[in-house]
Q: 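For reference, the structure I am asking about is given below.
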There are 2 protein chains.
Amino acid sequence: MKNKILKFRKDKGFTQDALAKKCNVSRQTINAIENDRYDPTLQLAFKIARVLNTTVDDIFQP
Amino acid sequence: MKNKILKFRKDKGFTQDALAKKCNVSRQTINAIENDRYDPTLQLAFKIARVLNTTVDDIFQP
DNA sequence: TTCAAATGTAAAAATGTCTTTACATTTGAA
DNA sequence: TTCAAATGTAAAGACATTTTTACATTTGAA
């Protein structure tokens, strides 16, 4: 599943670690999702979308 | 995670089994998600949303 | 009321996500 | 160029989702 996490994250000036902390997950989890190694749970997808001020439908493309 | 699957599904006149087939999952999976026993994967959330002509953000409420 | 269709549930196994620990590589500012 | 910060990756274990098989209950139309 492709995603625009990098784009939105850079726009906000967040590091992977900073985004991870705001989402209450590990940095490795954000890294893996951003680099498309696996998909987040639906819960985490919503958390990422909200922290980055966007929607699940906008940030993820199946 | 709450959801509006029942509402959208009834609007389309689909049974759980019909929706399941359109999403390529088992009827039990749709039943479990509709009744909030667990959350779908992000992939499946997108599939359900599309089959029901709506968005992930509209059909699921974290 | 009766009967089939629809829905609810359970348990075991397969698969996928996430954490932790640990180390390597890249990047950019001084 | 150098050094720290940021990023990439791996492996083991914990936990969550999904499938399959199977059976029970509910619902609604005839």
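Below, all heavy atoms of this structure are taken into account, side chains as well, without hydrogens, waters or symmetry copies. All chains are named by letter (A, B, ...) in the order of the sequence lines, taking the proteins before the strands, and each is independently numbered beginning at 1.
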Q: Can you tell me the distance, in whole Å, between the CG atom of A/N31 and the C1' atom of D/dA10?
A: 12 Å
Q: Does A/L52 form a side chain to side chain contact (heavy atoms under 4.5 Å, CB included) with A/F14? I'd like the steps, not just the answer.
A: CA-CA 9 Å; A/L52 296 178; A/F14 294 160; 4.0 Å; yes
Q: Between atom CZ in A/F60 and atom P in C/dT17, what is the gap in whole Å?
A: 12 Å
Q: Counting any heavy atom closer than 4.0 Å, what does A/K10 reach on the DNA or RNA strands: base, sugar-phosphate only, or nothing?
A: sugar-phosphate
Q: Which whole-number value in Å describes the distance from A/L19 CG to D/dA6 C1'?
A: 14 Å
Q: Quick check: do B/P40 and B/K47 have side-chain heavy atoms less than 4.5 Å from each other?
A: no
Q: From A/M1 CE over to A/I59 CD1, what is the distance, rounded to the nearest 0.5 angstrom?
A: 12.0 Å
Q: Please report the closest heavy-atom contact between A/N3 and A/I5, naming both atoms and the distance.
A: OD1-N, 2.9 Å
Q: Starting at atom CG of A/D36, determine the distance to atom P of D/dG8, rounded to an integer number of angstrom.
A: 13 Å
Q: Identify the heavy atoms of B/F60 and A/F46 that sit nearest to each other, and give their distance.
A: O-CZ, 3.5 Å
Q: Using a 4.0 Å cut-off on protein heavy atoms (strictly under), produce a 5'-to-3' string for nucleotides 12-20 of chain D with B for base contact, S for backbone-only sugar-phosphate contact, and - for none.
A: -----SBBB
Q: I'd like a table of donor-acceptor pairs (distance under 3.5 Å, sequence neighbours excluded) in which one partner is a side-chain atom from residues 20-31 of chain B, with atom names and distances.
A:
from, atom 1, to, atom 2, distance (Å)
B/K21, NZ, B/D17, OD2, 2.6
B/S26, OG, B/T29, N, 3.2
B/S26, OG, B/T29, OG1, 3.0
B/N31, OD1, B/N35, ND2, 3.3
B/N31, OD1, B/R37, NH2, 3.3
B/N31, ND2, B/Q16, OE1, 3.0

Q: Given side chains that start at C-beta, do those of A/N53 and A/F8 come closer than 4.5 Å, heavy atoms only?
A: no
Q: From CG of B/L6 over to P of C/dT7, roughly how many Å is that when rounded to an integer?
A: 9 Å
Q: Taking five pairs at each end, how big is the angle between the two axes of the helix from C/dT1-D/dA30 to C/dA30-D/dT1, to 10°?
A: 60°
Q: In whole angstroms, how far is the P atom of C/dT21 from the CG atom of A/D17?
A: 15 Å
Q: In whole angstrom, give the distance that lies between atom CD of B/Q16 and atom C1' of D/dT25.
A: 13 Å
Q: Measure the distance from CD1 on B/I5 to P on C/dG8 and round it to the nearest whole Å.
A: 12 Å
Q: Testing the basics here: between A/A49 and A/V56, what is the closest heavy-atom pair and its distance to 0.1 Å?
A: CB-N, 3.6 Å
Q: Do the side chain of A/D39 and the main chain of B/T41 share a donor and acceptor less than 3.5 angstrom apart?
A: no
